[in-house]
Engineer: 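Structure incoming, see below.
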Amino acid sequence: MAEQMTGAEMVIQALTDQGVEHIFGYPGGAALPIYDAMFQQDKVQHILVRHEQGATHMAEGYARSTGRPGVVLVTSGPGATNAVTGLTDALMDSIPLICITAQVPTTLIGSDAFQECDTVGITRSCTKYNYLVKRVEDLPRIMHEAFLIATTGRPGPVVIDIPKDVQFALGEYYQPDLDTLRHQSYRPQMDGDSAAIEAAVDLMLKAERPIFYTGGGVINAGPEASKHLRELAELTGFPVTSTLMGLGAFPASNPQWMGMLGMHGTYEANLAMHDCDVMINIGARFDDRITGRIDAFSPNSRKIHVDIDPSSINKVVRVDVPIIGDCERVLAEMVRVWRSRTNQPRTEAIAPWWKQIEKWRAVDSLGYKNSDTTIKPQYAIERLYEATRKQGKEVFITTEVGQHQMWAAQHFHFDKPNHWMTSGGLGTMGYGLPAAVGVQVAHPDALVIDIAGEASVQMTMQEMSTAVQYRLPIKIFILNNERMGMVRQWQDLLHGSRYAHSYSESLPDFVKLAEAYGGKGIRCESPAELDAAIAEMLDYDGPVLFDVIVEKDENCLPMIPSGKPHNEIILPDTANIGDIIDEKGRQLV
Amino acid sequence: MNAHLQPTGSAYFLTKETQEIERHTLSVLVDNEPGILARVVGLFSARGYNIESLTVSETEHGRRLSRITVVVIATPKTLTQIKLQLERLVPVHKVHDLTAEGASLERELALIKVAGSGDHRAETLRLADAFRAQIVDASVESFVFEVTGKPAKIDSFIALMQPLGLVEVVRTGLAAISRGPQGM
Ligand SMILES: Cc1ncc(C[n+]2csc(CCOP(=O)(O)OP(=O)(O)O)c2C)c(N)n1
Ligand SMILES: [Mg+2]
């Protein structure tokens, strides 16, 4: 039954009908009717942020940890432009977001009105789709279609720009029948082609040096996809590696796990990628951090690529068996077809391959020299990991961007999907703290930790205030090297150790800062005191800024240097890394 | 297996294109909604694809569908990407590569203004007749011709008018359709 209401009320009604419980937002003139409608209900809870970028990352953390879309509400003009970084981040990492932006009244659009900006123009290239709602009659359909588009196919952010007069206008609310009303052109392909899946299994059945290379697509396809992946790995006996975005889809505690691959991936994962004869890419996109030099990328393998986005296939690397479809469905089919062909893993046929992998593993590429006097960043993460295992709580990790992010990926281990939130594609410093807030909103009883760098965390530090306001006990674990460590590392490797502006000078006193926000601050400088300090952080029922003073000049290794193939990876014991990269490599990003 | 890709000294993995570039005509069926042209054009600029010609107009009023005809110059690999990237856009229904799909018809319309007197005028009219150009405006010292045909025919007509007092030209860009009974 159609019901009369204002556009603003329709927004809230549609959110309620979509099952939305939380929305991250910040008010302003053009958004006031929606805020007013929100004030008069209690189904959707609003989390007031401190900066709209924070709202977008919170929604990303919320979405990635729950599998449900994150919802953002911002005002026109600066509210919308502040959201752009998070929208771009969500587009790059395929995170479902709905971002409602208020707009000046339709009569003022184009007049350079106060707080007017061309939101649909600005966000066209950083959203999966966007709408400017010009008539209140269209609003119910658009609201519901936006959820459909954000969450299906390759997920992504959708912006709905709603002028203030449309928010005030009266109209009929209805729940549209999207089968007939939506864009008929939007039809993501879910089921993989069965002939292609059979061809893939045939290749796998003949493989002698196989590897599963999995990505964020497995996570996005839902927890069932991870289950099927585990099953397929068990059935086949093949080794499994994953991209940064895919961590947790396959349990790190499983002996078939090889660690992360790519620029800072393990020696065994990267060498196995280079030497394999059959590569099974499931929901990853041959990103440049993974492939390294493309002409030398896995030169002798036949490649299978499962992706829901047809444009990802053959974009970077030519593959032999492309399969377009949802990872969950394709993996389930692969399991079924494999079972119909054999009831044996290929244990014997791939035994020499595993032997080789064990040799690479023995190199211990994540090893580092520990110290009694300074806290090594890797050690800090190891101790954090150990301590969290004893908590008996669900543990969610978010990160900022830099060395600490890579160390977290290397030394914190994930056994479940949706427990690791990081900015992979865009590499957005400032992602982790707000993302942790979003995760904690969705999982109030869980332990949520942002593994941070002292530079990154200052980009969205103000969301500490949001955490305090909503009693969200997030833990911000700052690996403080007083450096933009990753930048320093590249300057070390590529620019003759000329450290141009990569210092974090005049840092705030993080302990006092935490206290100023109304949280708790802890500092630790000595390895001997680290465990006790971590315990203190975990025991505190409230937000904590934990300032871990770590070794300043540690490089993050292993590393595949620019312009080098996988098998020329730099290991931790390599002496002079500055000499490894040639003139050509220096020009690369 | 990646032997056709040569390394370059540019970005981390980007490879120099070793394939030959080709010129293809794509026909794109889209919902006629605000911003659709900006979406398509924005995609081309964001991903660095080259557009040689682009025309757009509503073709099925009832279903609010428009047809965009776009001529691109790219390597076969990039052409595939262009097609797939276009198909990713929510309001895009179909993308057909008319050049790859075989026989298609391509037409363009041009309005051409020529000014002159005496012998030049007679010669202009003779050539216009040979090209089946229609006179759509005439004054004692000028003509406006309407020419329809393949772009190459229009190119040569314009070239011939050059010495005869060509003033200005406006062209519609390409409209293209496949031969035979099948639609898009
Ligand atoms: C918004 C943004 N600006 C700049 C960069 C480039 N960048 C990448 S890592 C990094 C340094 C990060 O320093 P910190 O947070 O202290 O982490 P560390 O590497 O020291 O662990 C910078 C500046 C970025 N990724 N994001
Ligand atoms: Mg740092």
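Since the structure is predicted, the reported quantities are computational estimates derived from the model, not experimental observations. Chain A is the first sequence line, chain B the second, and so forth, proteins listed ahead of strands; every chain is numbered from 1. Worth knowing before you read on, the calculation uses all heavy atoms, side chains too, and leaves out hydrogens, waters and symmetry mates.
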Engineer: At a heavy-atom distance under 4.5 Å, which candidate from A:Gln184, A:His183, A:Lys134 has the highest pair count against chain B?
Structural biologist: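 Winner by heavy-atom pair count: A:His183.
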Engineer: With a 4.5 Å heavy-atom cut-off (strictly below), which parts of residues 89-97 of chain A touch chain B? List them by number.
Structural biologist: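 When heavy atoms of chain B are the reference, residues 89-97 of chain A contributes no residue within the under-4.5 Å range.
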Engineer: Quick check: closest heavy atoms across A:Ile313 and B:Leu84, and the distance to 0.1 Å?
Structural biologist: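 Between these two residues, the closest heavy atoms are O-CD1, 4.4 Å.
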Engineer: Check salt bridge (charged side-chain N to carboxylate O under 4.0 Å, His left out) between B:Lys150 and all other residues, then give those that pass, not counting sequence neighbours.
Structural biologist: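 Residues passing salt bridge (charged side-chain N to carboxylate O under 4.0 Å, His left out) with B:Lys150: none at all.
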Engineer: Quick check on B:Val92 against chain A: is it the side chain, the backbone, both or neither that has a heavy atom closer than 4.5 Å?
Structural biologist: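 Backbone only.
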Engineer: Any chance NZ of B:Lys153 has more than 12 other-residue heavy atoms, nucleotides or ligands included, within less than 6.0 Å?
Structural biologist: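 Atom NZ in B:Lys153 is crowded, with more than 12 foreign heavy atoms closer than 6.0 Å.
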Engineer: To the nearest 0.5 Å, how far apart are NZ in A:Lys315 and CZ in B:Arg47?
Structural biologist: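 CZ of B:Arg47 is found 6.0 Å from NZ of A:Lys315.
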Engineer: Output the residues of residues 119-133 of chain A for which the shortest heavy-atom distance to chain B is under 4.5 Å, in residue-number order; output 'none' if no such residue exists.
Structural biologist: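 Listed by number, the contacting residues are A:Arg124, A:Lys128, A:Tyr129, A:Asn130.
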Engineer: Checking B:Arg88 against chain A: side chain, backbone, both or neither under 4.5 Å from a heavy atom?
Structural biologist: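 Only the side chain of B:Arg88 comes within 4.5 Å of chain A.
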Engineer: By a 4.5 Å heavy-atom criterion (distance strictly below it), what part of B:Glu33 contacts chain A: side chain, backbone, both, or neither?
Structural biologist: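 Side chain of B:Glu33 only, per the 4.5 Å heavy-atom cut-off to chain A.
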Engineer: Evaluate the side-chain proximity of A:Asn314 to B:Thr80: yes if any heavy-atom separation is below 4.5 Å, no if none is.
Structural biologist: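 When only atoms from C-beta onward are counted, A:Asn314 and B:Thr80 do not touch, as no gap falls below 4.5 Å.
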Engineer: Would you check if the side chain of B:Lys94 reaches a backbone N or O of A:Ser185 as a donor-acceptor pair within less than 3.5 Å?
Structural biologist: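 Flag not set: sc B:Lys94 to bb A:Ser185 has no pair under 3.5 Å.
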Engineer: Tell me, for B:Ala38 versus chain A, whether the close heavy atoms (under 4.5 Å) come from the side chain, the backbone, both or neither.
Structural biologist: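 Contact with chain A: backbone and side chain both.
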Engineer: Taking everything shown except B:Lys113 itself, do over 12 heavy atoms lie less than 6.0 Å from its NZ?
Structural biologist: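 It does not: B:Lys113 NZ has 12 such atoms or fewer within range.
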Engineer: Got a donor-acceptor contact below 3.5 angstrom from the B:Gln81 side chain to the A:Ser311 backbone?
Structural biologist: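 At least one qualifying donor-acceptor pair exists.
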Engineer: Shortest non-hydrogen contact from B:Lys77 to A:Val316?
Structural biologist: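 Where B:Lys77 meets A:Val316 most closely, the heavy atoms are NZ-O, 4.4 Å.
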Engineer: How would you list, in number order, the residues of residues 167-180 of chain B that have a heavy atom less than 4.5 Å from chain A?
Structural biologist: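 Within residues 167-180 of chain B, no residue comes under 4.5 Å from chain A.
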